[in-house]
Number of protein chains: 2
Amino acid sequence: MGVAERKERHREDLKNEILQAAKSLFTEKGYEATSIRAIAEKIEYSPATIYLYYKDKNEIVHALHRDGFRLLVSHFEVLNTVSHPFERLKAMGRAYIQFAMQNPDVYKLLFIMEEPLKHVANCFEEWDEGDRAFDILRKTIIECQAEGYFKNMDNTLLAFTIWSTMHGLCTLKSSGHLGHVGVARANQWNLDELTAMAYETFVAMLERMKT
Amino acid sequence: MGVAERKERHREDLKNEILQAAKSLFTEKGYEATSIRAIAEKIEYSPATIYLYYKDKNEIVHALHRDGFRLLVSHFEVLNTVSHPFERLKAMGRAYIQFAMQNPDVYKLLFIMEEPLKHVANCFEEWDEGDRAFDILRKTIIECQAEGYFKNMDNTLLAFTIWSTMHGLCTLKSSGHLGHVGVARANQWNLDELTAMAYETFVAMLERMKT
DNA sequence: ATAAAAAAATAAACACTGTTTAGTTTATTT
DNA sequence: AAATAAACTAAACAGTGTTTATTTTTTTAT
């Protein structure tokens, strides 16, 4: 009865091979510029074969979306070693920016594209990794409040605000908008320095939120 | 010699007609879902005619990009009547969110899509409206500093930070991410309320930046 | 008014895209 | 060895942005 299992394993292998090919092409050429035909050529199968393993292009995107959130959560997990909550919060911000810069296409998939999110909304049964990442932030904020930070502030609202700032910073940077206005007005710094310093400006604001 | 001028005027009319058709279709169906053929059908010309007036689809997008920034700047201009700089700053934030909510497709064109920005970068001669909008924010911050706000903070960096928060809030809201995590954790508010309150949370932070 | 020149508009094609259908090849079971 | 099931693919469909050759319309000159 090991035959069925071997075949099943082979199916899973090919499914994963498609995913890896798609991931590498998305990273190389971007989502819109990657065609099913290109993915098929990379794995040396016909385009129609892709559709035996994935319903459509969106399903491939969704699979990468799920993997992307796992990557982000694992990226955050090492920060559990930082015991002081406010230090951990500051490190989370830097880690978020780092993640966005190191994986721009994954970031796009997770937080910019609308299609993958719609798919998640239709899958009630499965636990959403995105929610988990948000709860990590919220939990850290609550711990900060126990240390005297952010008194009388709603933790969920503050989490939204902090997330917004991080997301805005990352997207304005990678879309080129920060570079466009930044080069002319702050030419003593390069783009990465500018991003880092804008974040430190925000941290300075958060630091004043004690008592 | 009025003949050439009349013809020129007719040319401009058609050019503008294409633009308006494109704008309405973009707003209705979104950028990617709007085809040249659909624009042509709307103005009742053949698809090829579009290319006599615009080099390609990007040039149409770019023209709308320019108009969009003019709209944004004009949206901000009424705020010059607010004399107190910090009040003006707060109002600018609300106006920014309002603009993004009322014109989601224009907002996408201005601050999310990368193509139009690249085009602007290649046009050194023309004054960029986007820069102007940023300078309005920066000028307001400088005036706030004269009133005792944001001491020892770099105005450009602070402008980036504030812009990032606004941009992050608007994009996370309209992409559905805010709704996705928000509905479960803050179901006493609807989406618009949630956005407004996250902004007020940020304003509360800015308010503490005095002295 | 008529023929020549110029301008404006288009039909048809090209090379792509995601996706589907019908058919062929390969592997397994009886 | 024949029948069945699984895996794969060639070819097509309807759509995309864009280009080329051609036709229609308008203007100019005789």
Side-chain angles (χ1 to χ4, degrees), chain A residues 1-19 21-26 28-65 109 113-116 118-119, chain B residues 1-19 21-23 25-26 28-65 105 109 113-116 118-119:
Chain A
M1 275 292 154
V3 181
E5 287 163 22
R6 176 174 53 78
K7 292 207 79 180
E8 180 58 30
R9 229 181 308 123
H10 181 257
R11 263 196 79 87
E12 284 301 314
D13 280 357
L14 190 46
K15 218 178 162 180
N16 200 56
E17 218 176 309
I18 293 168
L19 213 60
K23 189 178 189 172
S24 106
L25 284 170
F26 285 177
E28 196 185 328
K29 305 189 189 279
Y31 170 72
E32 269 99 18
T34 298
S35 66
I36 295 284
R37 283 169 178 83
I39 298 170
E41 198 168 353
K42 197 169 180 95
I43 61 165
E44 294 178 302
Y45 278 81
S46 87
T49 303
I50 308 277
Y51 289 88
L52 298 176
Y53 295 86
Y54 292 96
K55 198 180 125 281
D56 54 24
K57 201 181 176 183
N58 280 332
E59 200 165 291
I60 299 174
V61 169
H62 174 249
L64 292 172
H65 183 260
L109 221 67
M113 287 177 60
E114 298 181 25
E115 210 57 48
K118 281 181 197 160
H119 195 290
Chain B
M1 276 292 154
V3 181
E5 287 164 22
R6 178 175 52 77
K7 292 207 77 180
E8 180 59 29
R9 229 180 309 123
H10 180 256
R11 263 195 79 87
E12 284 300 315
D13 280 356
L14 191 45
K15 219 179 160 178
N16 199 56
E17 219 176 308
I18 293 168
L19 213 60
K23 189 178 189 172
L25 284 170
F26 285 177
E28 196 185 327
K29 304 188 190 277
Y31 169 71
E32 269 99 18
T34 299
S35 67
I36 295 285
R37 283 170 177 83
I39 299 170
E41 196 168 352
K42 197 170 181 92
I43 62 166
E44 294 177 302
Y45 278 81
S46 86
T49 304
I50 308 278
Y51 289 88
L52 298 175
Y53 295 87
Y54 292 95
K55 197 180 125 282
D56 53 24
K57 202 181 176 184
N58 280 333
E59 199 166 290
I60 298 174
V61 169
H62 174 249
L64 292 173
H65 183 259
D105 297 273
L109 222 66
M113 287 177 58
E114 298 181 24
E115 210 58 49
K118 282 181 197 163
H119 195 290

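- Nucleotide C/dT10 holds its P atom 9 Å from the CD1 atom of B/Ile43, rounded to whole Å.
- B/Glu28 pairs by the side-chain contact (heavy atoms from CB on, under 4.5 Å) definition with B/Leu25, not counting sequence neighbours.
- Summarising the geometry, the separation between CD1 on B/Ile50 and C1' on C/dT10 is reported as 12 Å, rounded to the nearest angstrom.
- Protein atom CD of B/Glu41 is 18 Å distant from nucleotide atom P of C/dA9, rounded to whole Å.
- For D/dC8, the OP1/OP2 oxygens have no side-chain nitrogen or oxygen of A/Thr49 closer than 4.0 Å.
- Here C/dT17 presents its P atom at 11 Å from NZ of A/Lys29, a figure rounded to the nearest Å.
- Between A/Lys55 atom NZ and C/dG18 atom C1' there is a gap of 12 Å when expressed in whole angstrom units.
- Annotation: ring pair (Phe, Tyr, Trp, His ring centres under 6.0 Å) contacts involving residues 39-58 of chain B, sequence neighbours excluded, are absent.
- Rounded to a whole Å, the CD1 atom of A/Ile39 is 8 Å from the P atom of C/dG18.
- Residues satisfying the side-chain hydrogen bond (donor to acceptor under 3.5 Å, both in side chains) criterion with A/Ser46, sequence neighbours excluded, are A/Thr49.
- Going from atom CG of A/Leu52 over to atom P of C/dT25 covers 17 Å, rounded to whole Å.
- Judged by distance alone, with hydrogens and angles left aside, the side-chain atoms of A/Asp56 form a donor-acceptor pair with the main-chain N or O of A/Glu59 at under 3.5 Å.
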Could I get a table of every N or O pair under 3.5 Å where one atom is in the protein and the other is in nucleotides 15-17 of chain D?
residue	atom	partner	partner atom	Å
D/dT16	OP1	B/Ser35	OG	3.0
D/dG17	OP1	B/Thr34	O	3.3
D/dG17	OP1	B/Ile36	N	3.2
D/dG17	OP1	B/Lys57	NZ	3.1
D/dG17	OP2	B/Ile36	N	2.9
D/dG17	N7	B/Arg37	NH1	2.7
D/dG17	O6	B/Arg37	NH2	3.0

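- Applying the side-chain contact (heavy atoms from CB on, under 4.5 Å) criterion to B/Glu41, with sequence neighbours excluded, gives no partner residue.
- Shown here are the side-chain hydrogen bond (donor to acceptor under 3.5 Å, both in side chains) partners of B/Thr34, two or more places apart in sequence or in another chain: there are none.
- Between the side chain of B/Asp13 and the backbone N or O of B/Asn16 there is no donor-acceptor pair closer than 3.5 Å.
- For the salt bridge (Lys or Arg N to Asp or Glu O under 4.0 Å) test, residues two or more places apart in sequence or in another chain that qualify with A/Glu114 are B/Lys108.
- A rotation axis mapping the C1' atoms of four pairs onto the next four is fitted at both ends of the helix from C/dA5-D/dT26 to C/dT30-D/dA1 over five pairs, and the angle between these axes is 30° to 10 degrees.
- For the pair B/Glu17 CD and C/dA9 P, the interatomic distance rounds to 11 Å; values are reported in whole Å.
- At the heavy-atom level, A/Tyr54 lies nowhere under 4.0 Å from the strands shown.
- Residues meeting the side-chain hydrogen bond (donor to acceptor under 3.5 Å, both in side chains) test with A/Lys42, sequence neighbours left out: A/Ser24.
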